[in-house]
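All chains are named by letter (A, B, ...) in the order of the sequence lines, taking the proteins before the strands, and each is independently numbered beginning at 1.
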Amino acid sequence: MPELPEVETIRRQLAPVVEGRTLRELRIDDARWCRPLAPAELKAAVEGRRVERLDRRGKYLVWALEGDAFLLAHLRMTGTLLIDPPPGTRYERVRWRFAGDDDGPDIAFCDPRRFGTGELALGGDALDAFFAARVGVEPLGPEFTTDAMCAAARGRRAPIKAVLLDQRRIAGVGNIYADEALFRAQIHPLRPAGTVRRPQLDALRGAIVEVLNAGIGAGGATIDDFRHADGVEGAFQNEFLVHRRRGEPCPRCGTEIVKFVAAGRGTYACEHCQRPPRGVRRHR
DNA sequence: CGCGCAACCTGTCTGC
DNA sequence: TGCAGACAGGTTGCGC
């Protein structure tokens with residue numbers, strides 16, 4: 001679940017807690033987290049350094065440490081970052097401990113499925129190279145223009161939803177927010193991206209910005225595992241218009257919402273408001 | 001290069 | 001009720 005709004009929610013909660021503190025120990029209980037780096041190598045690179053900033057790029061949390069070392073954390077499907085959870089918290093994999101008079105609260109990464117990752121970039125050039133290879137335009141930044149949206153879709157035969165999920169084109173949109181944005185822009189998820197016209201792509205750009213901001217405003221969406229850094233649940237799941245609402249009436253026209261597979265993901269849409277492309281129709 | 005899909009793990013829900 | 005199978009927020013790598 002952690003998509004851009006969930007990661008941003010976590011970042012805003014953690015930043016005031018960790019910025020300015022010195023990372024005394026990074027305890028890594030699951031070596032898979034930082035693969036292919038050995039835990040000892042990562043620890044040696046980051047321990048003892050002060051946290052200058054906690055940033056976000058796409059779905060990555062960026063721990064900017066003194067001396068231009070960057071720890072890049074990704075929550076994947078089921079990861080959470082919690083402030084000072086009690087010892088024995090289920091699925092704890094990594095723990096940040098800080099130096100200071102009273103040490104202050106720890107931060108812990110918890111993840112039942114163990115998909116989450118922690119990677120290291122040493123130097124600004126390495127950081128830039130890391131992101132250049134993985135993430136595209138920030139949808140809440142000034143470069144996310146209509147032209148940028150059109151460039152992402154132009155000439156592609158893949159479904160428009162696949163384009164939204166491609167992090168190298170638009171950074172931070174995941175399965176939930178893709179469904180919600182496509183519904184608001186009234187575009188069927190299976191429309192080949194290259195056939196969507198500029199006015200619709202502009203509407204889609206606006207819808208993406210709208211749903212991401214609404215998601216952040218609601219503190220993200222909690223479907224199952226996601227929690228704020230203090231353990232509280234997000235609320236955006238209560239504002240879903242179509243996602244995970246199969247069989248319910250479309251809030252715009254009352255037609256039953258259907259579920260199908262698009263871009264390999266469970267997908268929800270109103271096929272009255274979002275007209276299917278020619279030759280496509282199959283629900284389940 | 002574009003695209004679809006299996007794989008990575010574990011937990012939970014679904015259908016027989 | 002029990003159990004095998006499907007499915008889940010994301011990303012990567014492989015095959016065509």
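- Note on A:Lys259: every side-chain N or O is 4.0 Å or more away from OP1 and OP2 of C:dC7.
- Straight-line distance between the P atoms of C:dC3 and B:dC8: roughly 26 Å, to the nearest whole Å.
- The pair A:Arg205-A:Asp202 meets the salt-bridge criterion, since a charged nitrogen lies less than 4.0 angstrom from a carboxylate oxygen.
- Listed pair A:Arg76 / C:dT11 fails the phosphate criterion, with no side-chain N or O lying under 4.0 Å from OP1 or OP2.
- Out of C:dT12, C:dG10, C:dT11, the shortest distance to the side chain of A:Glu3 is found at C:dG10.
- The base of C:dA8 is not paired with the side chain of A:Arg265 by any donor and acceptor separated by under 3.5 Å.
- At whole-Å resolution of the value, CG in A:Leu75 and C1' in B:dC8 are 17 Å apart.
- To the nearest angstrom, C1' of C:dG10 lies 13 Å from CD1 of A:Ile223.
- Listed nucleotides B:dG11, C:dA8, B:dC8 differ in distance to A:Arg244; the shortest reach to its side chain belongs to C:dA8.
- When the C1' atom of C:dT12 is taken as reference, atom CG of A:Leu72 falls 17 Å away, rounded to whole Å.
- Following rounding to the nearest Å, A:Asp111 (CG) and B:dC8 (P) show an atom-to-atom distance of 16 Å.
- Ion pairing between a basic and an acidic side chain is recognised when a charged N comes within 4.0 Å of a carboxylate O; A:Arg114 and A:Asp30 show such pairing.
- Under 4.0 Å is where a charged nitrogen must lie from a carboxylate oxygen, and between A:Arg49 and A:Glu66 no such pair does.
- Rounding to whole angstrom units, CZ of residue A:Arg246 and P of B:dT14 are separated by 9 Å.
- Contact annotation: A:Gln167 does not reach the phosphate of C:dG10 (side-chain N/O to OP1 or OP2, under 4.0 Å).
- You'll find that the side chain of A:Arg169 is closest to B:dG2, out of B:dG2, B:dG11, B:dG4.
- Phosphate contact (OP1/OP2 of C:dT11, side-chain N/O of A:His74, threshold under 4.0 Å): present.
- Atom pair A:Phe115:CZ and B:dG11:P shows a separation of 12 Å (rounding to whole Å applied).
- Salt bridge annotation for A:Arg24-A:Asp106: absent, with no cationic side-chain nitrogen under 4.0 angstrom from a carboxylate oxygen.
- Rounding to whole angstrom units, CG of residue A:Asp166 and P of B:dC1 are separated by 14 Å.
- Nucleic acid contact for A:Gly264: none, since no nucleic acid atom lies under 4.0 Å from a heavy atom of the residue.
- Atom OH in A:Tyr91 sits roughly 10 Å away from atom P in B:dT10 (whole-Å rounding).
- Dashed line: the shortest gap from a side-chain N or O of A:Arg134 to OP1 or OP2 of C:dT12 is under 4.0 Å.
- A salt bridge links A:Arg27 to A:Asp29: at least one charged side-chain nitrogen sits closer than 4.0 Å to a carboxylate oxygen.
- The nearest heavy atom of DNA chain C to A:Arg113 and to A:Glu119 marks one nucleotide each, and the one closer to the 5' end goes with A:Arg113.
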